[in-house]
Amino acid sequence: MTASAAAAAPGRSSTGRRETRTKRLLYAVGGTGAFLVFAVPLAWALFRSLQPGDVIVAAPDPATFFDLTGENFTALVTGPGNLIRAVGNSLVVALSMAVLTTVLATAAGYGFARFRFRSGPLLFALLVASMMVPFQAILTPLYLQMNLMGLTDSLLGLVLFTTTLNLPFGVLVMRNAFSSIPGELEDSAHIDGAGTVRIVTSVLRPLITPGAATVALYAFLAAWTEFLGALTFLTDTDLYTLPVAMVNLQQGTYGQINFGFIAAGSVIAMIPCVVLYVALQRFYVAGLASGAVKG
């Protein structure tokens, strides 16, 4: 090494260290800012839910602002509003719909990705195009059809309704997930005597888990927050889901609007969403990126 090169090497090393420190600082600042954007509203909602209703609507007073209590949650659980039953109904609908959507989307996605037939591209294009049609535009025909089948005022009908709406997105994700997997893996499994079901459930399952988790998470969140469909197809108050029960709560089901109840109900509504997203977020990011290059 020449003398000039030896003198330049420490300089390049020092510059690289400064760039690394700058990148780490920028990442730390950006990550902290993103965390605060999402965490502060959640923390504020939780804090408000622990305040009495009269404190929430009153002007800020240091003497009472930090008087926290769990009476809002206690009133919702023991009160006549059937909020706990509504939570149970929402869990039944959301979990059932997530499982059904994931299974159907996996089967359809595998078919579109692996089976070649003349009308396949056209059918897939129509399926994707259906995502552009707002379901409010077809709500009346859907209601008439479900009423004819005896599925109105039924949690099963609501599960089938929400599954139908979210299935196109699930098929799109799973088709891309299967398309990103080399076909040689299946050829080797076929040579070993494995059938299609065995290949999907054993050989390909670890590779499609991110896509399946994405479909399940998206379906659960869509069903958990579904309001208009539940309001349209359900008339029995014992079958109301959480969003419908929350609207009744906002309209004063308890005799008057209690903003403490509303804040507590909102916290109860967001708990499953936050827990499920945190548990599956690494699969969610990978699932959305699957098939981004090939597919």
Side-chain angles (χ1 to χ4, degrees), residues 93-152 154-183 185-186 195-197 199-201 204-205 207-233 283-295:
V93 172
L95 292 175
S96 301
M97 182 265 206
V99 173
L100 183 60
T101 301
T102 303
V103 172
L104 294 179
T106 301
Y110 181 83
F112 280 117
R114 291 294 188 255
F115 300 145
R116 304 302 177 187
F117 48 98
R118 180 175 300 178
S119 58
L122 177 60
L123 292 177
F124 184 74
L126 291 176
L127 184 70
V128 174
S130 66
M131 298 170 57
M132 306 177 190
V133 180
F135 82 92
Q136 293 86 349
I138 58 175
L139 187 60
T140 299
L142 281 174
Y143 178 83
L144 295 176
Q145 181 179 1
M146 293 183 63
N147 187 54
L148 183 63
M149 299 171 62
L151 292 175
T152 55
S154 166
L155 293 181
L156 174 60
L158 188 59
V159 169
L160 296 178
F161 166 74
T162 51
T163 300
T164 302
L165 297 181
N166 291 276
L167 194 57
F169 174 80
V171 174
L172 175 63
V173 172
M174 295 309 299
R175 185 256 187 185
N176 291 342
F178 281 113
S179 297
S180 63
I181 300 175
L185 291 177
E186 295 180 60
T196 301
V197 176
I199 291 175
V200 174
T201 56
L204 302 182
R205 179 180 53 82
L207 302 177
I208 63 172
T209 296
T214 300
V215 174
L217 177 60
Y218 183 86
F220 180 89
L221 297 180
W224 183 260
T225 58
E226 169 58 42
F227 169 72
L228 185 57
L231 183 65
T232 302
F233 297 117
F283 296 112
Y284 181 71
V285 174
L288 288 179
S290 65
V293 177
K294 179 181 178 181

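What you see is a predicted model, and the numbers here were worked out from it, not measured in a lab.
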Identify each donor-acceptor pair in which a side-chain atom of residues 138-146 lies under 3.5 Å from a protein atom, sequence neighbours left out, and give them as a table.
none

Could you tabulate the donor-acceptor pairs under 3.5 Å formed by side-chain atoms of residues 113-137, not counting sequence neighbours?
from, atom 1, to, atom 2, distance (Å)
Arg114, NE, Glu186, OE2, 2.1
Arg114, NH1, Phe178, O, 3.2
Arg114, NH2, Phe178, O, 3.1
Arg114, NH2, Ile181, O, 2.9
Arg114, NH2, Glu186, OE2, 2.9
Arg116, NH2, Ala113, O, 3.3
Ser130, OG, Leu127, O, 2.4

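For residues 156-174, no residue pair satisfies the side-chain hydrogen bond (donor to acceptor under 3.5 Å, both in side chains) rule, not counting sequence neighbours.
Here the straight-line distance linking atom CZ of Phe169 with atom OH of Tyr218 works out to 5.5 Å at 0.5 Å rounding. Residue Met97 holds its CE atom at 7.5 Å from CG of Leu165, rounded to the nearest 0.5 Å. Taken to the nearest 0.5 Å, the CG atom of Leu217 stands 10.0 Å off from the OG1 atom of Thr102.
Take Leu167 and apply the side chain to side chain contact (heavy atoms under 4.5 Å, CB included) test, not counting sequence neighbours, and it matches Thr101, Leu104, Ala105, Val171. Not counting sequence neighbours, the partners of Phe220 by the ring-ring contact (aromatic ring centres under 6.0 Å, His included) test are Trp224. For the side-chain hydrogen bond (donor to acceptor under 3.5 Å, both in side chains) test, no residue two or more places apart in sequence or in another chain qualifies with Ser154.
Counting heavy atoms from C-beta outward, Tyr110 and Leu204 have side chains that approach closer than 4.5 Å.
The two residues Pro210 and Leu207 make their nearest non-hydrogen contact at CD-O, 3.7 Å.
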